[in-house]
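Notes for the one structure printed next.
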Protein chains: 2
Amino acid sequence: MTQETAPPSRLEALKVACSACNLRELCLPVGLTDDEMLSLDDMVSTRRSVKRGESIFHAGDPFAALYAVRTGFFKTVVSASDGREQVTGFQMAGELIGLDGISTDRHSCDAVALEDSQVCMIPYGQLESLSREFTLLQHQFHKIMSREIVRDHGVMLLLGSMRAEERLAAFLLNLTQRLQARGFSASALVLRMTREEIGSYLGLKLETVSRTFSKFQEEGILEVKQRDIRIIEQSALQRVVNGTSA
Amino acid sequence: MTQETAPPSRLEALKVACSACNLRELCLPVGLTDDEMLSLDDMVSTRRSVKRGESIFHAGDPFAALYAVRTGFFKTVVSASDGREQVTGFQMAGELIGLDGISTDRHSCDAVALEDSQVCMIPYGQLESLSREFTLLQHQFHKIMSREIVRDHGVMLLLGSMRAEERLAAFLLNLTQRLQARGFSASALVLRMTREEIGSYLGLKLETVSRTFSKFQEEGILEVKQRDIRIIEQSALQRVVNGTSA
DNA sequence: CGGAACCTTGATGCACCTCAAGCATGGTGG
DNA sequence: CCACCATGCTTGAGGTGCATCAAGGTTCCG
């Protein structure tokens, strides 16, 4: 349950190299020159394995580094004082986790692995110095933070003014789009999260998520077998999101 | 209720000095040395007046600068393709507007003045170069972006799992806390936005916002006269937020 | 093979939305 | 300066989308 900063028994003999990583076009190094990439390689020197259910960090933990998802799948969760929880995002390969920690030097959410995963550790102090040196890195980092803000505003729109079907349709389209950018099929996906986690993210109860999946299936938009989803009619999903279907 | 630090009887849109601004402890310059502050003064050289109802920028506009609220009050609004709108935030003196634009070089929301206001323009390219030079400025800027992310996550929690009374109570407590940080009373405030705008922000209809205000008044928690709000029992509001009152 | 975690589906209730009507406020022009 | 009108606010009555409660089914794994 507690985070292990240096996994004791696991030898990370592999030197992690951004320059050799197949995610470099999606991750922090986008657009860097070869020189700059080599400096990144120095900074991002540790990879950490996280088992399903384990957390990279918890709310309240001191902030020291960002984490880039190398393989696997994560959720971030904020908690209210009364125990209510809200999933604020799902992160897949190439995405950055931990930006929340910069503001107060402590993390404000939990980052939990939804399957066995690996993350690359990016010591924050070093990122700041390196991005003073490399304009492109600096700009790319700012873009990533800004993108998170824009994404959050989209979620607010979803939570504030969409109905259950619209929320789930938007969620599925977003997931497939990101999976597609990583070379996966646009029409078949395996959900890494439970109905309850989807519900938490979308501001719905798990029963409503389940019913909505069933409804989409009845309508021939999806084929749903537990966590295996096949999208039969993407355009129909798009229409649902736009409210053009009710 | 509007604060005017230096009543601008002349055209003062010329020279702005962060170093002389009473908001410098809340705004971008937090923690800078005198030297650094002077460089900021060079960068933030234009102030712009915005009349009530006007926008600093619209969704789709090219991104070139950030704006620090000098006086007045703003809302930011994102729109879906079908016309649905969501207020994503309300900004007051010392707060930064426009961070959304970095991600795609275009703004993704509208920033609308809710009263006659003034903003300081911070050319983004210059901010990037200056923050390559000044570590503290760089860090402060990152903190501001991160804070926005954390705030957004809090709004998601609110939208995803709180009921109407809890949302409004949380909203009022947040407003008064920010006003208090600016030297205003913690118990009396004048709302700069309509019930509809509050509702949009909180994911509620204006009638629900109005009814909830009335309910708080009946319960002796607030005194509500249109946009004049007096908080009679702050602890009760806090209890409502925590769900300890239902 | 048995239990835990997860998912589906049905019945019922309620929080909030929708629709509607009337009141308050403030800006504007005669 | 006042009358007028647009905009915003309040309140009521009724409807509905989703939550809640409940029961049973499926899958995974020790």
Report the distance from atom CG of L206(A) to atom P of dT9(C), rounded to the nearest whole Å. 13 Å
L191(B) and side chain to side chain contact (heavy atoms under 4.5 Å, CB included): which partner among I198(B), L114(B), D228(B)? I198(B)
So L204(B), base contact, sugar-phosphate only, or nothing? Heavy-atom distance under 4.0 Å. sugar-phosphate
Atom-pair distance (CD1 on I229(B); C1' on dC9(D)), nearest Å: 12 Å
Given atom CG of L159(B) and atom C1' of dA15(C), what is their separation to the nearest angstrom? 16 Å
Please give, in whole Å, the distance from dT9(C) P to F213(A) CZ? 13 Å
Would you say R227(B) reaches dG8(D)'s phosphate, i.e. side-chain N/O to OP1/OP2 under 4.0 Å? no
Rounded distance in Å - CG (D116(B)) to P (dG27(C)): 11 Å
What is the distance, rounded to the nearest whole Å, between atom CD1 of I198(B) and atom C1' of dC9(D)? 11 Å
Report the nucleotide, chosen from dC9(D), dT8(C), dT10(D), that has the shortest atom-to-atom distance to any side-chain atom of T194(B). dC9(D)
Can you tell me if T208(B) touches the phosphate of dC17(C), counting only side-chain N or O atoms and a distance under 4.0 Å to OP1 or OP2? yes
Could you work out which one of dC21(D), dC6(C), dG12(D) sits closest to the side chain of E207(A)? dC21(D)
Report the C-alpha separation of Q91(A) and T76(A) in whole Å, then their side-chain angles, then the decisive distance to 0.1 Å, and conclude whether the side chain to side chain donor-acceptor pair (under 3.5 Å) test is met. CA-CA 8 Å; Q91(A) 295 80 23; T76(A) 46; 3.2 Å; yes
Whole-Å distance separating the CZ atom of R52(A) from the P atom of dC28(D): 11 Å
Can you check the K205(A) NZ to dA15(C) P distance for me, whole Å? 14 Å
Would you mind classifying the nucleic acid contact of G203(B) as base, sugar-phosphate or nothing, using non-hydrogen atoms under 4.0 angstrom? sugar-phosphate
Hey, is the side chain of R211(A) poking within less than 4.0 Å of OP1 or OP2 on dC18(D), counting only N and O atoms? no
Kindly assign one of parallel, tilted or perpendicular to the pair H107(B) and F57(B), based on the angle between their ring planes and the thresholds 30° and 60°. parallel
Is the shortest heavy-atom distance from the side chain of F63(A) to the side chain of R106(A) under 4.5 Å? no
Under 4.0 Å, heavy atoms only, any strand: does S210(A) hit a base, just the sugar-phosphate, or nothing? base
Sub-4.5 Å side-chain heavy-atom contact between L189(B) and F184(B): no
